[in-house]
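See below for the structure under consideration.
Within every chain, numbering begins at 1; the chains are lettered A, B, ... in the order of the sequence lines, protein sequences first and strands thereafter.
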Amino acid sequence: MDKLRLATFNTNGIRARLHIILPWLSENNIDCLCIQETKVQDRDFPVEPFHDLGMHLAFKGQKAYNGVAIVSPHDIEDIRIGFDDQPHEVDDAARCISCKIQGVHIVNTYVPQGKAVDHPDFQKKLLWFERLEALFNKRYHKEDMLIWCGDMNVAPESIDVYAPEKKANHVCFHESVRNAFKKCVHWGLADCFRLLHPGEPNQYTFYDYRIPKAVERGLGWRIDHILATKPLCANIQNCFIDIEPRKMEKPSDHTFLLADFKI
DNA sequence: ATGGTAGTAAAACTA
């Protein structure tokens, strides 16, 4: 049996985060790193520093906003951009990238944040999960080794956000968006982190820059997720949040989330 | 109740 160590990280600007990503990749023996919010168009993607580490790359970005990437020391096969078989919104391509690594299907998404529950973009966010489920149905089988990971912009349960009693109208915690996310998960996936850490509070992957000392005060959200099908969940070894890079100089507002599988 | 910070890319937008 082989192993697959996968991680997900919202960089909030990949070019501003190379001082964190490159050493972290070398030190953590990663088989696949899924990145969101690269904020760079393809022609300006920093390819060389990754190639210098012996990494393969797949990416799709747009100017200033969004952008997703996959980094791996292995061959990245079957690369697909966006919702290939559905009509595209303008920025869909830079929010969803899929591939196959070591026989495992991987879908890396940066789900739209939604702006406000009464904003049209929030309805697009809800629809986004339905379109993703349609993509799962069309492309994959529940028996496949499939991982869906990324910045989902949803805290699934009260335990996944600080002060949940104040967040009922937040675009990342509103009942409708939690249900939309869960419906997509129930296609045939499970939340790897909760599988290994049921009921564990204060486990967050995002701390807003604008809240002073948010990490120290525990004012975070668990909105980045790794979800996997049964064949992978049956062989999951580990799933944990690495918050150390959030404490470094010029950090992203998100942490790394990792999972180890036997494949 | 509001604003707080950060990245991109060149003033304002997104988060």
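One interatomic measurement links the two molecules: CG of A/N169 to P of B/dT2, which rounds to 14 Å at whole-angstrom precision. Atom-to-atom, CD of A/E249 to P of B/dG7 comes out at 12 Å; the value is rounded to the nearest Å. Rounded to an integer number of Å, the gap from A/Q41 CD to B/dA9 P is 7 Å. Between A/F9 atom CZ and B/dG7 atom P there is a gap of 11 Å when expressed in whole angstrom units. Residue A/Q62 contributes atom CD, which lies 14 Å from atom C1' of B/dG7 at whole-angstrom precision. Between the CZ atom of A/R17 and the C1' atom of B/dA6 there is a distance of 7 Å, rounded to whole Å. Straight-line distance from the CD1 atom of A/I211 to the C1' atom of B/dA6: 14 Å, rounded to whole Å. Rounding to whole angstrom units, NE2 of residue A/H19 and P of B/dA6 are separated by 12 Å.
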Query raised in the report: Where each pair must be Watson-Crick or G-U wobble with both distances under 3.5 Å, what dot-bracket representation of DNA chain B is obtained, with crossing pairs in [ ] and other-strand partners as |?
Result: ....((((...))))
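Rounded to the nearest Å, the gap between the P atom of B/dG7 and that of B/dG3 is 22 Å. Comparing the C1' positions of B/dT14 and B/dG4 gives a spacing of 16 Å, expressed to the nearest Å. For the P atom pair drawn from B/dA15 and B/dA9, the interatomic distance equals 15 Å after rounding to whole Å. Using atom P as the reference point in both B/dT2 and B/dA6, the two lie 23 Å apart (nearest Å).
A/H170 is linked by a ring-ring contact (aromatic ring centres under 6.0 Å, His included) to A/W221, counting only residues two or more places apart in sequence or in another chain. Annotation: ring-ring contact (aromatic ring centres under 6.0 Å, His included) contacts of A/Y110 (sequence neighbours excluded): none. Take A/H197 and apply the ring-ring contact (aromatic ring centres under 6.0 Å, His included) test, not counting sequence neighbours, and it matches A/F193. A/H105 is linked by a ring-ring contact (aromatic ring centres under 6.0 Å, His included) to A/Y140, counting only residues two or more places apart in sequence or in another chain. With sequence neighbours left out, A/D78 forms a salt bridge (Lys or Arg N to Asp or Glu O under 4.0 Å) with no residue at all.
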Identify all pairs in which a protein N or O lies below 3.5 Å from an N or O of nucleotides 13-15 of chain B, and state each distance.
from	atom 1	to	atom 2	distance (Å)
B/dC13	O2	A/Y65	OH	3.3
B/dA15	OP1	A/R95	NH2	3.2

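Dashed line: the shortest gap from a side-chain N or O of A/K63 to OP1 or OP2 of B/dA10 is under 4.0 Å.
In this structure, A/F181 and A/F129 have perpendicular ring planes: the angle between them is above 60°, well past the 30° mark.
Evaluation of the side chain to side chain donor-acceptor pair (under 3.5 Å) test over residues 183-192 of chain A, restricted to residues two or more places apart or in two chains, returns A/E133-A/K183, A/N137-A/W187, A/D191-A/R222. Here ring-ring contact (aromatic ring centres under 6.0 Å, His included) pairs that include residues 59-79 of chain A, with residues two or more places apart or in two chains, are A/F45-A/F59.
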Requested in this report: Assess whether salt bridge (Lys or Arg N to Asp or Glu O under 4.0 Å) is satisfied between A/E244 and A/K247, documenting all intermediate values.
Outcome: CA-CA 5 Å; A/E244 288 312 308; A/K247 301 173 180 171; 3.5 Å; yes
